[in-house]
Amino acid sequence: VDCDFTPGSPSCYDPCQDGVFAGEGFVGMPMPWCGYGGGGTDPAAITGPAGSPTCEDQEIVFITAYLSRVSPNSPLISYTQTIVQVSDAAGIDDRFLIALAGQESTYGTNITKGPYNAWNNLAHTAKHNPYANWTAAINGVANLVTGKLYFGSGKTTIRSIYGTYDNSNLQQNPNYPKDLSGLTQIYKQLVGPTASANSAVNFSRCPQ
Amino acid sequence: MPTIIMQHLKYGWFLCTVSLFFPCSAIAVDAQTFESTAYRYSAQYPQGWYLDGTRPADTLTIDNFPASAAVHAVHLPRGGAEIGIRPAEASPARERPQSLDAWINADTAGEEVASRKAVELQAGQEKVPATEVRGHDRGDAPVFEWVDLYFKIEGRMFRATLIYWQGNPNAGELRETLRQVIKTLRVKP
């Protein structure tokens, strides 16, 4: 079921109401990018007096609040700063990495393919090249998706990335349509109703 | 829905290695043809390579392994390789390059480039100047190594890419396969 972002809908996570953040624990915090994609402010355009929250500060708060709401036991909650900073440096939407972890391992709460491997990167299983820590896993997935196999080959939308990532060959992976739908729904929760499987994710939320 | 025409041809796929060490030899095997109706080009690829069903629409991407061997997330199994040939027109409008140099500069801006040099390619019927860029993905091993060749054929810009795991002992053969596929490239009016 598509999230329709009706205010108060229990199945949706819309952290913004009337241009301010309304997520649990952060109610009322100004969020200049609320509605971005639907007429809000581009986070890259955020400026403020010295000492005011930066674009990345606000993005970290946003991602932390989202994870705390949908997956309170997610180990990624402690690493949202790393996820945002690594994503911005690499040139990928941090919300996509969160959504990918959501689809692949329920935000890291159901890891089956090796330590810290919330993204099910099978080049890093428990037996072969296991990740040593969360930072390595986050860098690993960001480098993979922004590398030659994906962004470097023109695969920049959720559909084109996940088609390769999850093997869209239905004979090999009959669950692919359901998996893609699941990933897209999570991304929509984070981005808003304008997002779709055709959304491009090759941009930094807070360009450096 | 773009039309992809694949056909097995009992047409010689000539792997002709030209070097001082190995004499030029022709190995005739089955070749398969990919044809892009949207972007008006075709190319042939050798037996043992498979059209990648997850490729961007109507552009050539082939793997040296079947879909059943694809590995979750990284796609390429150990020893696996992927070759892609795409014209500039296949890039999204806002990213479409205006020149080969602009294309190279845009691609390499965020990449780990090991070398960049001018080379000559046999592309279709023409011998054309090209730029070869080699590099690897960022991060700790294992990462992908890649070769990009940028060239023009009949006035149209193309990029041919080979991706494989760093340390692949067959990298030289894979690069030769890339050149052989480019050699069969045909552009339609």
Side-chain angles (χ1 to χ4, degrees), chain A residues 86 89-92 100 104 112-114 117-125 128-132 135-157 159-173 176 179-180 198 200 202-204, chain B residues 50-57 59 61 63 66-78 80-88 90-92 94-96 106-113 133-148 159 161-166:
Chain A
V86 166
I92 186 170
L100 193 56
E104 291 288 327
T112 59
K113 304 297 183 188
N117 198 352
W119 292 271
N120 283 338
N121 182 340
L122 294 195
H124 295 273
T125 62
H128 297 285
N129 306 301
Y131 289 124
T135 301
I138 293 163
N139 274 291
V141 69
N143 287 329
L144 173 65
V145 179
T146 61
K148 188 59 84 177
L149 188 67
Y150 291 100
F151 286 6
S153 295
K155 295 173 183 173
T156 57
T157 65
R159 188 188 305 279
S160 61
I161 293 166
Y162 208 52
T164 296
Y165 199 100
D166 193 43
N167 196 351
S168 62
N169 185 314
L170 295 180
Q171 286 183 322
Q172 308 303 326
N173 182 12
Y176 173 72
D179 294 347
L180 175 64
N198 296 322
N202 59 331
F203 62 92
S204 300
Chain B
Y50 303 83
L51 200 61
D52 184 340
T54 71
R55 68 196 178 280
T59 58
T61 305
D63 300 323
S68 58
V71 176
H72 193 75
V74 292
H75 190 59
L76 272 57
R78 184 182 293 269
E82 179 177 292
I83 286 175
I85 298 183
R86 52 189 287 138
S91 303
R94 63 188 165 84
E95 297 168 9
R96 197 161 298 158
D107 279 359
T108 55
E111 295 181 329
E112 295 284 343
V113 174
V133 182
R134 292 190 189 187
H136 57 82
D137 280 359
R138 294 178 190 277
D140 300 327
V143 295
F144 294 128
E145 210 164 78
W146 43 263
V147 179
D148 277 332
R159 183 189 69 190
T161 300
L162 165 68
I163 308 171
Y164 52 90
W165 286 109
Q166 205 167 39

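Chain letters run A, B, ... following the sequence lines, proteins first, then strands; residues in each count from 1.
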When the 4.5 angstrom heavy-atom criterion is applied to A:A200 and chain B, the contacting part is side chain
Cut-off 4.5 Å, heavy atoms of chain B, and the answer for A:Q171 is neither
Applying a strict 4.5 Å limit to non-hydrogen atoms, the region of A:K155 in contact with chain B is side chain
The interface call for A:N129 against chain B, heavy-atom contacts under 4.5 Å, is side chain
CZ of A:F151 to CG of B:D107, rounded to nearest 0.5 Å, is 13.5 Å
Fill in: B:D137 (side chain) donor-acceptor with A:K148 (main chain) under 3.5 angstrom
yes
Here the gap from A:H128 atom NE2 to B:R78 atom CZ, rounded to the nearest 0.5 Å, amounts to 7.0 Å
If one checks every heavy atom of A:N117 against chain B at 4.5 Å, the contacting part turns out to be neither
On a heavy-atom basis, the closest approach of B:A67 and A:N167 is O-ND2, 3.2 Å
The interface call for B:S68 against chain A, heavy-atom contacts under 4.5 Å, is both
All heavy atoms of B:A73 vs all of A:L122, minimum pair found to be CB-N, 4.3 Å
With a 4.5 Å limit on heavy-atom distance, are the side chains of A:E104 and B:H72 in contact? yes
Problem - Side chain proximity check, A:N143 to B:V143, heavy atoms < 4.5 angstrom - result: no
Hey, are the side chains of A:L149 and B:I163 touching, using non-hydrogen atoms and a 4.5 Å cut-off?
-> yes
Honestly, the part of B:A141 sitting under 4.5 Å from a heavy atom of chain A is backbone
Highest number of heavy-atom pairs under 4.5 Å with chain A among B:D52, B:T61, B:D148, B:L76 belongs to B:D148
### Message
Measuring only between side-chain heavy atoms, which start at C-beta, is A:T146 closer than 4.5 Å to B:E111?
### Response
no
Looking only at A:N169, A:T164, A:L144, the option with the highest number of non-hydrogen pairs under 4.5 Å against chain B is A:T164
So, the part of A:Y150 with a heavy atom under 4.5 Å from chain B: the answer is side chain
Whatever's closer than 4.5 Å to a heavy atom in chain A on B:E112 counts as neither
The reported gap from OG in A:S153 to NE2 in B:H75 (rounded to nearest 0.5 angstrom) is 9.5 Å
